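Structure record follows, encoded as C-alpha cells.
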Amino acid sequence: TEVTIRAAMRSDVPIILDLIRELAAYERAADQVKSTASDLSAALFDAVQPAVWCHVVEDESGIAGLALWYLNFSTWTGHHGIYVEDLVVRGTARGKGYGRALLAHLARICIDRGYQRLDLSVLDWNAPAIDFYRSVGAVHKSDWDGYRLEAPALVALSSQ
C-alpha cells in the first residue's frame with residue numbers, strides 16, 4: 001500500500017472534522033466537539049500567520065489519518081517544539097503504520113527546523129496509544145499533571 005503524507009488542504013476540512021469526531025467518540029467525549037468546519041478552515045488556512053497546522057496520511061481509499069499540531073516553546077531549551085493536539089488514524093486503517101509515519105514526519109519537521117521536542121498527551125486509560133507512543137521512544141512525564149481553565153472559570157479569572 002502506497003501512502004502519502006502531505007499538508008492538509010482547505011478541501012480536506014470536512015474529513016479532518018470527521019476524524020476529530022471519530023477520535024472524540026473513541027475518547028468517550030463525542031459530545032464535547034464544538035468545532036465546526038468554518039472554525040477549522042479559519043484556523044488552518046485563513047490566518048495571516050497560522051498558529052495550527054495539519055498533516056494527513058492518504059492511501060488508496062483517501063485520507064486515513066491526521067496529525068494536527070502547533071508550536072510550543074521551552075524556556076529551558078530556548079527553542080520551539082511541536083505539540084500534537086490530535087493524532088488519529090481511522091479504525092479501519094489502524095495497524096498499517098500510519099500513526100508512526102505521521103509522527104516520523106513531524107519528527108523530521110522538528111529536526112529540520114531545530115525544534116527540540118515533540119510533545120503529546122494521552123488519556124491514562126488508552127493503553128493502545130500509550131504502548132504505541134512508548135514504542136516510538138516517547139517517555140511519560142510522570143512528574144507533570146495537566147491543568148486547564150475553561151468557561152466559567154476562564155471568564156471569572158479574566159474579570160479579576
Side-chain angles (χ1 to χ4, degrees), residues 5-10 12-13 15-30 32-57 63-89 97-158 160:
I5 295 179
R6 62 170 174 79
M9 298 180 293
R10 190 179 298 273
D12 298 329
V13 168
I15 297 168
I16 292 168
L17 186 55
D18 285 345
L19 283 163
I20 290 167
R21 289 180 177 142
E22 185 175 324
L23 176 62
Y26 176 79
E27 292 180 347
R28 306 171 192 158
Q32 295 179 35
V33 177
K34 307 296 186 226
S35 186
T36 67
S38 293
D39 294 332
L40 289 173
S41 185
L44 290 167
F45 304 108
D46 292 343
V48 174
Q49 180 139 1
V52 62
W53 295 268
C54 184
H55 284 81
V56 297
V57 59
I63 294 175
L66 66 81
L68 196 138
W69 57 278
Y70 54 88
L71 294 181
N72 58 17
F73 185 80
S74 169
T75 57
W76 291 11
T77 68
H79 294 275
H80 282 99
I82 286 178
Y83 184 85
V84 181
E85 179 67 23
D86 285 334
L87 176 69
V88 58
V89 174
Y98 296 171
R100 181 180 293 269
L102 283 163
L103 281 182
H105 186 80
L106 296 183
R108 284 189 293 279
I109 291 172
C110 286
I111 298 302
D112 291 347
R113 298 181 186 177
Y115 302 161
Q116 301 293 303
R117 297 177 177 169
L118 197 156
D119 290 311
L120 44 86
S121 296
V122 61
L123 292 166
D124 59 5
W125 57 261
N126 193 346
I130 292 167
D131 291 344
F132 167 65
Y133 295 136
R134 286 183 176 152
S135 78
V136 297
V139 294
H140 179 237
K141 299 187 301 184
S142 61
D143 50 345
W144 292 89
D145 285 328
Y147 289 84
R148 174 178 295 148
L149 287 167
E150 295 185 68
L154 192 60
V155 172
L157 182 60
S158 71
Q160 293 181 9

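For clarity, every value in this text was computed on a predicted model and none was experimentally measured. Numbers for residues simply follow the sequence, beginning at 1.
- Between Val84 and Leu102, the closest side-chain pair of non-hydrogen atoms is not below 4.5 Å.
- Between Asp46 and Arg10 the shortest side-chain heavy-atom distance falls below 4.5 Å.
- To the nearest 0.5 angstrom, Leu66 atom CG is 10.5 Å from Ile15 atom CD1.
- Between the side chain of Asp12 and the backbone N or O of Met9 there is at least one donor-acceptor pair closer than 3.5 Å.
- Interatomic distance, Trp69 CH2 to His105 NE2, rounded to the nearest 0.5 Å: 8.0 Å.
- Here the side chains of Ile16 and Cys54 are in contact, with some heavy-atom distance below 4.5 Å.
- For the pair Val89 and Gly99, the tightest heavy-atom approach, listed with the atom from each and the gap, is CG2-N, 3.7 Å.
- Leu87 contributes atom CG, which lies 10.5 Å from atom CG of Leu68 (distance to the nearest 0.5 angstrom).
- Across all non-hydrogen atoms, the minimal contact from Leu19 to Ala64 is CD2-O, 4.4 Å.
- Nearest heavy atom pair, residue Ala30 against residue Ala25, reads CB-CA, 3.9 Å.
- Side chain of Asp39 to main chain of Thr36: a donor-acceptor pair is present (N/O by atom type, distance under 3.5 Å, no hydrogens or angles).
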request  = Apply side chain to side chain contact (heavy atoms under 4.5 Å, CB included) to Leu103 and Leu120, showing your working.
outcome  = CA-CA 11 Å; Leu103 281 182; Leu120 44 86; 4.2 Å; yes

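- Between Phe73 and His80, the angle of the ring planes goes over 60°, which puts this pair in the perpendicular group of the 30/60° scheme.
- Annotation for Ala37 and Val13: closest pair O-CG1, 3.4 Å, computed over non-hydrogen atoms.
- To the nearest 0.5 angstrom, Cys110 atom SG is 11.5 Å from Arg117 atom CZ.
- Side-chain contact between Arg28 and Leu123: absent, with no pair of heavy atoms (C-beta onward) separated by less than 4.5 Å.
- Shown here is Arg6, whose CZ atom has more than 12 heavy atoms of other residues, nucleotides or ligands within 6.0 Å.
- Proximity of a side-chain donor or acceptor of Ser41 to a complementary backbone N or O of Ser38 within less than 3.5 Å is not detected.
- Interatomic distance, CG of Asn126 versus OG of Ser121, reported as 12.0 Å (0.5 Å rounding).
- The two residues Pro128 and Tyr26 have their closest heavy-atom pair at CG-OH, 4.0 Å.
- Looking at Val122 and Phe132, their side chains never come closer than 4.5 Å, going by heavy atoms from C-beta outward.
- The CH2 atom of Trp53 lies 10.0 Å from the CG atom of Leu44; values are rounded to the nearest 0.5 Å.
- Within 6.0 Å of the CH2 atom in Trp125, the count of heavy atoms belonging to other residues, nucleotides or ligands exceeds 12.
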